[in-house]
Structures are given as structure tokens and as C-alpha cells.
Amino acid sequence: MTGGWLETVAEKAGMRPAEADLALRKRGIVADRPLRPARTLTIRRIAFKGEKRGTAQGSIDFDWSELTAGVWAVTSERNLRGKSSVLEILLWALRGTPKGLQDDVRRWLSWVCVEFDVDDQRYVVEFAVNERVPRGTLARRRASGETDELDRFMSDEGFDAAMSHFMMNTLDLDPITAMQGKEGERQVVEHGWAALSGGLYFGGDHKQLLGDVQMSGLPARMLQMYIGMPWATTVMQASTAKRELEQEVEKTSKAATAAAKDAETARERIDLELRAAKKNLDSFAQVTATAAELERLAGEVARLSPIALDLEQRLARAEAEATELERFANADERAVRDLRENIVATQFFNGLQPVCCPRCETRVSRERLKRESAELSCSLCAESIPIEEMEGESDGLDALEKRFAAAKAAANRARANAKTLRDKSRMSSDELEKARQELSKAATSTTFEERRKAELEVARLEGALKERQMPARPVTISPDVALVSAAHAEADKAYNVGRGDILERLNTEILALGQRLGVQMLEEVKLNTNASLRLTKGGESTSFSKVTAGERLRLRIATAVALLRVGQERGLGRHPGLLIVDSPAAEEVSPSDLTAVLSELQAISRETEGLQIFIGSANASAIIDQLGEQWCQSATGDDYLW
């Protein structure tokens with residue numbers, strides 16, 4: 001059936017079986033699995049030690065061993081003598097977390113040991129208690145007496161986790177998942193061994209048929225699990241996942257609707273604000289500098305800046321060039337002047353006719369003067385007069401004068417060019433400064449600032465309005481919705497087919513057991529899958545919640561035993577066969593009623609393989625008379641059980 005179920009679910013969801021299987025497991029949904037026969041849990045030993053404190057004094061040393069299947073009792077002749085504490089310490093060891101153990105008793109304890117069998121395998125829970133904190137081990141005992149440690153714990157949380165993990169796996173139980181919390185904010189919670197162990201304990205006011213917690217439909221889930229209803233676990237898992245997805249879809253849909261409504265409200269608000277902003281913008285005079293004008297002025301400054309810079313650079317180069325050319329012209333001018341003076345001086349001195357030697361004042365003879373004229377030899381020193389050099393210097397002067405004229409002309413042109421560039425640079429700088437002043441004035445104008453803010457506000461509101469006019473995103477539905485819905489539908493079909501006449505068989509067994517346990521005038525019972533029990537009693541239709549507390553206790557025990565018996569009969573159940581009943585006499589009107597119940601419980605335990613019942617009662621005489629001392633731990637008079 002498992003393979004066919006998965007293929008059918010995958011086909012309906014439009015997925016491949018392997019893909020569907022992975023997605024389902026991620027959602028905590030697995031196909032039904034064949035169950036092995038229920039495993040039997042049998043307590044073999046309860047022992048604990050400690051020291052009483054306060055007004056109560058004395059050591060604690062309790063050891064109850066060699067326990068087997070059957071009906072056992074802890075009893076006393078007065079209340080508050082420790083009988084409930086024995087059961088609570090047993091529950092603490094089995095659950096890993098205390099149920100109703102009183103704080104003072106827990107503080108008194110120093111050591112606890114509980115031994116139990118699961119089928120034929122012995123296990124030992126042993127722990128020290130230091131200031132109420134348990135520290136110990138869970139071990140498996142071999143036939144040789146040696147033990148193998150399975151887990152170790154050093155805190156309340158560690159103890160709870162260790163026993164939960166062990167019991168859920170060893171007793172082949174599945175966690176019960178459910179949605180819990182306020183509407184729209186529910187979260188998936190998982191109920192494990194601490195909740196499931198409620199199906200073993202019968203105390204309190206007996207308002208629930210199974211367990212002691214009504215929320216999340218826990219009694220119904222426990223009923224389906226303990227009877228081993230085929231596909232019940234898969235239906236439960238798929239139902240929880242389906243509700244979780246439905247909540248996700250609902251939240252997404254509500255969020256989308258709210259977002260659309262908010263967007264519409266925002267559009268109306270923004271539209272009104274935009275109209276007001278446009279009206280405010282239109283109120284500014286047209287002469288007011290706009291952003292476009294500011295941009296134009298900034299552009300003008302940007303255009304003029306490189307022009308002014310270029311002219312400044314060209315002017316600097318022209319000034320340098322003119323200065324250099326003027327330097328060359330001045331040098332040529334000095335050279336021309338020096339050459340001219342040299343020529344004039346030479347000609348002047350050559351035109352003189354010496355009369356005597358300037359040193360010795362000897363007169364120059366006429367012969368020397370004639371020779372100077374004829375032979376061009378000096379009349380004083382007789383050296384030749386260089387007429388060619390004088391003529392060459394005259395030619396050099398012409399060339400130098402031409403070079404000077406050219407240099408002067410070039411320097412004049414360079415200076416004129418520099419002057420032109422200076423005028424242009426000054427005009428460009430003036431124009432740039434003017435543009436800068438206009439830009440600064442426009443940018444710092446109060447009116448401009450206000451208009452600019454108005455323009456930005458209009459632009460912002462237009463953008464916001466455009467954004468909110470976009471079509472709303474469609475709600476995305478997870479593909480898991482179709483898959484989980486198909487898984488739930490197919491599992492529910494398999495569940496309805498697989499349960500067959502199990503409920504009818506349970507009804508028959510509960511009716512017979514209830515009558516045997518003393519529910520007066522009980523004629524018919526009808527157990528529903530939601531763990532509600534309808535009754536016909538004395539010819540009238542009634543319900544579990546409307547009968548007396550004593551009758552509710554009897555019906556609870558009858559239901560638990562029926563789950564065990566029918567489960568064993570069908571090879572499907574998971575109830576471990578342990579029942580713990582605290583203070584049944586509190587619900588009885590006479591000792592004879594208690595004796596009758598005990599008698600029937602003894603008979604039922606002999607008829608039901610593996611059934612072990614522990615009873616705590618303050619009616620010691622009735623308990624011991626019916627069960628026998630060997631089946632009891634009792635305290636007489638004012639004595640305590642420990």
C-alpha cells in the first residue's frame with residue numbers, strides 16, 4: 001500500500017514519486033509502516049534513598065523488587081504517608097521528568113533506581129539527586145549481570161531527553177504533531193513521551209478518557225496510536241502539515257490584501273499631496289531661477305573656465321617669448337653700438353698726423369711722414385697700417401645692423417601679440433567671474449531654494465505614486481499545498497479502509513470491562529476516533545464527562561485495558577501494558593466498591609498477557625485483604641512507607 005499511496009499522491013500533485021517523497025519527509029509526513037506487536041513494559045524494581053529535612057526527620061531507604069505482571073499496591077492507613085510519592089518517583093524515572101512529585105520530597109532524595117523489562121530485556125535507570133538535580137545513567141543489563149550504558153544525563157533537560165528518546169524508539173511510538181497557539185499565529189508543536197506516558201497514568205479528576213491533556217486533540221491521537229490504527233499517524237502528520245500550510249496561505253493572502261488596501265490608501269494620500277505640491281510649485285514667479293537656469297549657469301561657468309585658463313597659459317608663453325626676443329634685440333643693439341664706436345675711434349686716430357714720439361718727444365721726420373703716405377707704414381713704429389680690417393669692420397656693421405633690425409621687429413611683434421592676449425585674458429576672466437557670481441547668486445537665492453524643494457517634492461511624490469500604481473504581485477502558493485492535500489486525502493482513505501471494525505471491537509471490550517469494574521446499569525458504549533465516549537446508561541443516553549468520578553475512573557481503566565487487549569488480538573497495538581492508578585478509593589463510596597474493582601482488576605490482569613497495574617490507596621485493609629500482603633507495600637497506623 002505504501003508504494004501505491006506515494007505514487008498516487010505524486011501523480012495528483014504532478015510530481016515524481018522520489019521528489020514527492022522528499023518533499024513529504026521535509027514536511028514531517030511518512031507513509032504508514034507495518035507495526036510489530038506491542039512491546040511490554042514491566043517494572044521489576046523501585047528503590048530510592050535520601051534524608052528527610054525540616055519537621056520530618058529520618059533516613060529514607062525504600063526498595064521494592066521482584067515485581068512481575070499483575071496488580072500491585074502501595075497503601076497506608078492514613079493519607080500523606082508517602083504512597084503517591086512512590087508512584088511519582090516511578091513516573092519520574094520512567095518519564096525523565098517529574099509529573100506531580102512534591103518539591104520537598106524531591107529535595108530529600110539522594111539516589112533513585114528503577115529497573116524494568118521491555119519484553120525480555122532488562123534496563124536500569126539509576127541516578128543521584130543533588131539539590132533536586134538528577135545525574136545518572138540509563139543502561140541495558142545483560143543476562144550475565146553486566147551492564148551497557150545507553151545514555152548519560154546531568155540535568156533535568158538531559159534526563160527528559162534521554163528517556164524520551166529511549167522510550168519512543170524502544171516502544172515503537174511516533175511523536176504526535178499538532179498546531180498550537182492563537183488564531184493566525186499557530187505553530188507546529190510535537191508531543192513526545194512525556195505526553196504519551198499520560199496514557200499509563202490514572203490520577204487527578206479523570207476528566208479525560210486518555211491522558212490528562214485535552215489541547216491539540218491529544219487524547220484522540222493517543223487513542224489512534226495506542227490501538228495501532230493503520231494510517232492514523234500519516235493522517236495526523238498530513239493534517240498538521242495541511243493546517244500549517246493553510247495558515248501560511250491565509251497569512252500570505254491577508255498580507256497581500258492588506259498590502260493592496262495600504263497601497264490604495266497610500267495612492268489617495270499621495271495624490272492629494274501631489275496636487276498640493278504642484279499648486280505650491282506653480283505659486284513661484286516665472287522669473288525665479290529654476291533648476292534648468294541653474295544648470296545653464298553652471299554650464300556657462302564650465303564653458304568659460306577652460307577658455308580663461310587657456311588664455312592665461314597662452315599669455316604666459318607669449319610674455320616669455322617677447323621677453324626672450326627683446327633680450328636678443330638688446331644684445332644686438334649693444335653689439336652695433338660697440339662696433340660703431342670702434343670704427344669711429346679707429347678712423348679718428350688714423351686721421352691724426354703725429355709730430356713727435358709720445359714717449360721721448362723726438363720729432364717725426366718728413367721722410368717718415370712721406371713713407372707713411374706712400375707705403376702705408378706707421379710714421380712712428382714703421383708697422384703696416386691694416387686698411388683691409390677697417391673696410392671689413394664696415395661690412396660687419398651692416399650685417400649686424402640688419403640682424404638687430406630683424407630682432408627688434410620680432411620682439412615688437414611678440415610684445416604686440418602678448419598685449420593682445422592680455423586683453424583677451426582679462427576679458428575672459430571678467431566674463432568668467434561674472435558667470436560665477438550669477439551662479440552663486442542663483443544657487444544661494446532663498447526663493448530658488450524653496451522652488452527647488454518644491455520641484456524635488458513634486459518629483460518624489462510622482463515617483464511614489466508611480467511605484468504604488470504597479471500591479472500587485474499575485475499570491476504565490478507553495479507546491480507543497482497540493483502535495484500535502486493529496487497526501488492527507490489518500491491517507492484518510494487508507495485510514496478509513498484500514499480501521500475496519502476496530503472501533504466496534506473496542507466498544508464491545510470497553511462495555512464488558514466497564515460492567516465488570518462496576519459501572520452500574522451500563523448498557524452501551526460508543527467510542528469515537530476523537531476519543532469521546534458516548535454511553536447508554538439506565539436506558540438514557542449520556543457521555544463520559546457526565547457520569548460520576550468513580551465511573552469515569554472505571555471507564556478510563558476499561559478503555560486502557562481494551563486498547564491493550566484489542567491491540568494484542570489484532571497485532572497492531574502499541575500500549576506497553578503498564579497502568580498506574582493513584583487513589584482509586586477517593587472515587588469510591590464504600591470499601592466494598594474498592595474491593596470489587598480490585599477483584600476484577602486481578603482477574604483482568606490474569607486474562608491479559610503482560611498487564612501490570614500499580615495502585616496507590618489509603619485504604620490499607622481493603623487493599624491487603626484483596627491483593628495479599630506479598631503484592632503490597634504498606635504502612636500501618638501513623639507509619640510512613642519510607
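Quick caveat: nothing in here was measured; it's all calculated off a predicted structure.
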Stepwise ring-ring contact (aromatic ring centres under 6.0 Å, His included) check, F127 with W92 | CA-CA 11 Å; F127 56 94; W92 186 17; 5.1 Å; yes

Is there a donor-acceptor contact under 3.5 Å from the side chain of Q568 to the main chain of G573?
-> no

Would you say the side-chain atoms of D119 pair up with the backbone N or O of R39, donor to acceptor, closer than 3.5 Å?
-> no

Please examine the side chains of L218 and H191, heavy atoms only from C-beta on, and report whether any two atoms are closer than 4.5 Å.
-> yes

Are E490 and W231 side-chain neighbours, meaning at least one heavy-atom pair lies under 4.5 Å?
-> no

Is it true that atom CD of E609 has more than 12 heavy atoms of other residues, nucleotides or ligands lying nearer than 6.0 Å?
-> no

Taking atom types as modelled and ignoring hydrogens, do the side chains of T147 and R141 form a donor-acceptor contact shorter than 3.5 angstrom?
-> no

Which atom of L598 lies closest to which atom of A622, heavy atoms considered | CD1-O, 4.3 Å

Would E504 and R499 count as a salt bridge (Lys or Arg N to Asp or Glu O under 4.0 Å) if you check the C-alpha gap in whole Å, the side-chain angles of each, and the deciding distance to 0.1 Å?
-> CA-CA 10 Å; E504 288 74 13; R499 72 180 185 177; over 6 Å; no

Within 6.0 angstrom of D501 CG, more than 12 heavy atoms from elsewhere | yes

Before accepting this row, confirm whether a basic side-chain N of the pair D21/K26 lies closer than 4.0 Å to the acidic partner's carboxylate O.
-> no

Are the side chain of R27 and the backbone of A23 linked by a donor-acceptor contact shorter than 3.5 Å?
-> no

Distance from D160 atom CG to W193 atom CH2, nearest 0.5 Å?
-> 12.0 Å

Atom CG in L150, atom NE2 in H165: separation rounded to 0.5 Å?
-> 10.5 Å

Which is it for W108 and I60 under the side chain to side chain contact (heavy atoms under 4.5 Å, CB included) test, yes or no, and what are the steps along the way?
-> CA-CA 8 Å; W108 293 347; I60 299 172; 3.8 Å; yes

Any donor and acceptor pair, going by atom type alone, linking the side chain of R140 with main-chain N or O of Y123 inside 3.5 Å?
-> no

Could you walk me through whether D639 and R81 pass the salt bridge (Lys or Arg N to Asp or Glu O under 4.0 Å) check?
-> CA-CA 7 Å; D639 291 342; R81 287 300 178 264; over 6 Å; no

Close side-chain approach of I557 to L601, heavy-atom, < 4.5 Å | yes

Considering all heavy atoms of both residues, which atom of Y201 and which atom of K99 are nearest to each other, and what is their separation?
-> CD2-CE, 3.2 Å

Approximate separation, where rounding is to 0.5 Å, of T559 OG1 and L209 CG | 4.0 Å

If you draw a 6.0 Å radius around CD in Q121, do more than 12 non-hydrogen atoms from other residues or ligands fall strictly inside?
-> yes

Side-chain touch F62/Q633, heavy atoms, less than 4.5 angstrom | yes

Looking at E523, E551, E524, which one forms a salt bridge (charged side-chain N to carboxylate O under 4.0 Å, His left out) with K537?
-> E551

Exercise: identify the closest heavy-atom pair between I29 and A241 | CD1-CB, 3.7 Å

Kindly compute the distance separating CG (L641) from OG1 (T75), expressed to the nearest 0.5 Å.
-> 7.5 Å

Give a yes or no answer on whether the side chain of E190 reaches the backbone of I176 with a donor-acceptor pair at less than 3.5 Å.
-> no

Are the side chains of R106 and P98 in touch, meaning some heavy atoms are under 4.5 Å apart?
-> yes

Below 4.0 angstrom, N of the basic side chain to O of the carboxylate: do R107 and E51 qualify?
-> no

Enter the distance from N496:CG to T529:OG1 here, rounded to the nearest 0.5 Å.
-> 8.5 Å

Going by atom types alone, do Q602 and Q626 pair a side-chain donor with an acceptor below 3.5 Å?
-> yes

Find out whether the Lys NZ or Arg CZ of K83 is both under 6.0 angstrom from the six-membered ring centre of Y640 and within 45° of the ring's axis.
-> no

L627 and A73: which non-hydrogen atoms are nearest, and at how many Å?
-> CD1-CB, 3.6 Å

R574 charged N/C atom sitting above Y226 aromatic ring, 6.0 Å / 45° | no

Minimum heavy-atom separation for G498 to P230, with atom names?
-> O-CG, 3.7 Å

Salt bridge present between R45 and E115 (N-O < 4.0 angstrom) | yes

So do L94 and F116 actually touch side chain to side chain, heavy atoms under 4.5 Å?
-> yes

For K52, look at atom NZ and say whether over 12 heavy atoms of other residues, nucleotides or ligands are found less than 6.0 Å away.
-> yes

Other residues, nucleotides, ligands: >12 heavy atoms within 6.0 Å of K12 NZ = yes

Can you tell me how far the CD atom of Q630 sits from the CD atom of E66, to the nearest 0.5 Å?
-> 12.5 Å

With a cut-off of 6.0 Å (strictly less than), are more than 12 heavy atoms of other residues, nucleotides or ligands near CD of E149?
-> yes

Could you go step by step and tell me if F153 and R135 meet the side chain to side chain contact (heavy atoms under 4.5 Å, CB included) rule?
-> CA-CA 6 Å; F153 49 89; R135 292 180 175 85; 5.7 Å; no

Side chain to side chain contact (heavy atoms under 4.5 Å, CB included) between I623 and T595, intermediate numbers included | CA-CA 7 Å; I623 294 284; T595 300; over 6 Å; no

Okay, side chain of D492, backbone of H488: is any donor-acceptor separation there less than 3.5 Å?
-> no

Hey, mind stepping through V561 and T608 against side chain to side chain contact (heavy atoms under 4.5 Å, CB included) and telling me if it holds?
-> CA-CA 8 Å; V561 176; T608 308; 4.3 Å; yes

Does a side-chain N-to-carboxylate-O contact under 4.0 Å join E569 and R505?
-> yes

With side chains defined as the heavy atoms from C-beta onward, is the minimum distance between W72 and I615 less than 4.5 Å?
-> no

Heavy-atom closest contact (L138 atom, M163 atom, distance) = CD2-SD, 4.2 Å

Donor-acceptor contact below 3.5 Å, side chain R142 vs main chain S144 | no

Is Q612 reaching over with its side chain to a backbone N or O of T68, donor-acceptor style, under 3.5 angstrom?
-> yes

Is the closest side-chain donor-acceptor distance between E126 and W111 under 3.5 Å?
-> yes

Do S84 and D582 meet the criterion of a side-chain donor-acceptor pair at a distance under 3.5 Å?
-> yes

Side chains of R152 and T137: do they bring a donor and an acceptor to under 3.5 Å?
-> no

Give a yes or no answer on whether the side chain of Q224 reaches the backbone of R221 with a donor-acceptor pair at less than 3.5 Å.
-> no

Quick one: does R556's side chain have a donor or acceptor within less than 3.5 Å of a partner on Q208's backbone?
-> yes

Side-chain heavy-atom pair L517, I604 within 4.5 angstrom cut-off | yes

Can you tell me if N528 and S532 form a side-chain donor-acceptor pair at under 3.5 Å?
-> yes

Donor on one side chain, acceptor on other, T40 and T42, under 3.5 Å | no

